[in-house]
Amino acid sequence: MSVKPKSRPVFTRFDKIDSEKPYKVTCPELQLAPFRFKTLEMALDKVNEAKENRFQSILTIVDVEKQKLTFAGYTAPDWTKRRSA
């Protein structure tokens with residue numbers, strides 16, 4: 001009887017861009033690739049812009065030294081203010 005190896009996480013590698021621009025804002029309705037920023041303020045500006053335009057956004061922070069990806073925030077569109085067609 002063979003023993004199955006333990007599954008490894010899919011995300012195990014960090015790139016050079018993760019150390020240069022650790023703040024990622026993902027807006028699937030705007031662009032499939034995440035927006036990357038050097039500072040938290042710039043990332044929060046993009047999150048607020050997506051929120052004002054009624055798009056969802058996900059903010060994550062990469063810590064390359066600790067090899068850790070941190071979920072920092074999520075905004076959802078306000079569906080109550082959308083007009084029905």
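Listed by chain and number, the residues in a side chain to side chain contact (heavy atoms under 4.5 Å, CB included) with Q56 are P28, E29, Y74, P77 (sequence neighbours excluded). Partners of E20 under the salt bridge (charged side-chain N to carboxylate O under 4.0 Å, His left out) rule, at least two apart in sequence or in another chain, are K16. Partners of T75 by side chain to side chain donor-acceptor pair (under 3.5 Å), not counting sequence neighbours, listed by chain and number: S57. Residues satisfying the side chain to side chain contact (heavy atoms under 4.5 Å, CB included) criterion with E41, sequence neighbours excluded, are T39. Scored by the side chain to side chain contact (heavy atoms under 4.5 Å, CB included) test, K46 finds V25, F35, F37, E49 as partners (sequence neighbours excluded).
Atom NZ of K38 sits about 6.5 Å away from atom NZ of K21, to the nearest 0.5 Å. Atom OG1 of T70 sits about 11.0 Å away from atom NZ of K24, to the nearest 0.5 Å.
Annotation: side chain of L59 is in contact with side chain of L40 (closest heavy-atom distance under 4.5 Å).
Heavy atoms from other residues, nucleotides or ligands lying under 6.0 Å from CD of E65 number 12 at most.
Criterion: ILVMFWY side-chain heavy atoms under 4.5 Å apart, direct or through other members. Under it, M42 and Y23 are part of a common hydrophobic cluster. Hydrophobic cluster membership is shared by L44 and I61, with clusters built from Ile, Leu, Val, Met, Phe, Trp and Tyr side chains linked at under 4.5 angstrom.
With D18 contributing its side chain and D15 its backbone, the two residues share a donor-acceptor pair below 3.5 Å.
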